[in-house]
Amino acid sequence: MAWRAITARVLDHPAFAPELLALAAVDALGPRAGEWAGRVRGAYPDADADGLARLATRRFVRLAGTGGAVAAGAGLFAPVAELAAVLWTQANLVLHLAAAYDHDPAHPDRAVELLVLTQVHPDADTARAALAAARAADGPGEGAWPRAAEAAWRLATPLAAQAGGWLALRLASRLLPGAAPLAAAAGDAAAAERLAARAIGAYRPARVRAS
């Protein structure tokens, strides 16, 4: 789906913003994640799935930290900028980990898992139902802008654990120039590491116990 189209859909149905963005991420990033896994396996045929997962985790934890640091310098718009950076990096991380463990990163089920792993929805059934409603939505929604507040709250879930730290970041930035980007980088990197652990737990095959 073209970005202009997905933007129009989000504006028409802001309450479905998390679901529409998850679908767009799978469409846009899923094939690239699959190609990445294919290239790495081709270059390192002896690499196992856990090795690919470690590569992906290091890459996107680093990117999450960099994105957080850059976004923290956006002044008044820092929370919004950081949110956008976090969501896109986290989607990339989840889809690359899925590819590492031989799950098709472009499969529609990845959108369900993305919403659950990023804790937008509590379980797969709820996420699946919300995605179905988002796909079925047609035309401008009723009362769109009041519902945008709900969408913003749900989209902000990946940053919820850090929400209480924004005041500290602002204070730190006043007392110690440069502290806010460093704190944002550390917080976003840690959030990406926690997400990676959840995703690996979901995608790694259950190990057969020795009898």
Side-chain angles (χ1 to χ4, degrees), residues 1-38 56-57 59-61 63-64 66-68 70-71 74 77 79-101 103-142 144-145 147-160 188 191-192 195-196 198-199 202-203:
M1 182 180 294
W3 280 114
R4 183 172 297 180
I6 190 61
T7 299
R9 293 269 291 164
V10 169
L11 291 176
D12 281 344
H13 303 282
F16 290 127
E19 293 75 24
L20 293 171
L21 290 173
L23 292 170
V26 171
D27 286 344
L29 304 176
R32 299 177 190 176
E35 292 169 1
W36 168 83
T57 299
R59 174 184 176 185
F60 289 105
V61 166
L63 286 175
T66 301
V70 172
F77 298 101
V80 176
E82 184 177 357
L83 176 58
V86 165
L87 289 175
W88 203 243
T89 302
Q90 289 191 345
N92 247 323
L93 171 60
V94 169
L95 294 174
H96 277 71
L97 290 174
Y101 289 103
H103 295 266
D104 180 2
H107 192 281
D109 283 351
R110 302 295 85 80
V112 175
E113 294 153 5
L114 181 56
L115 290 170
V116 174
L117 289 169
T118 55
Q119 300 177 330
V120 173
H121 286 292
D123 54 61
D125 288 341
T126 305
R128 194 171 288 110
L131 286 166
R135 289 189 183 99
D138 187 21
E142 294 181 3
W145 293 115
R147 296 167 69 193
E150 175 193 353
W153 179 259
R154 293 166 64 208
L155 278 171
T157 299
L159 292 181
D188 288 345
L195 174 61
R198 292 195 297 271
Y203 291 129

Under 3.5 Å, sequence neighbours excluded: what are the donor-acceptor pairs made by side chains of residues 91-101?
unit_1	atom_1	unit_2	atom_2	d
His96	ND1	Asn92	O	2.8
Tyr101	OH	Asp50	OD1	2.5

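- For Arg32, the side chain to side chain contact (heavy atoms under 4.5 Å, CB included) partners are Leu29, not counting sequence neighbours.
- The stretch residues 111-123 participates, sequence neighbours left out, in these salt bridge (Lys or Arg N to Asp or Glu O under 4.0 Å) pairs: Arg110-Glu113.
- In plain terms, the two heavy atoms of Trp36 and Arg59 that are nearest each other are CD1-NH1, 3.6 Å.
- Residues satisfying the side chain to side chain contact (heavy atoms under 4.5 Å, CB included) test with Ala127, not counting sequence neighbours, are Val112, Leu115, Val116, His121.
- Residues satisfying the side chain to side chain contact (heavy atoms under 4.5 Å, CB included) criterion with Ala111, sequence neighbours excluded, are Ala22, Leu23, Val26, Leu131.
- Every residue two or more places apart in sequence or in another chain that forms a salt bridge (Lys or Arg N to Asp or Glu O under 4.0 Å) with Asp125 is listed here: Arg128.
- At distances below 3.5 Å, at least one donor-acceptor pair connects side-chain atoms of Thr118 with backbone N or O atoms of Leu114.
- In this structure, CZ on Arg135 lies 12.0 Å from CZ on Phe16, to the nearest 0.5 angstrom.
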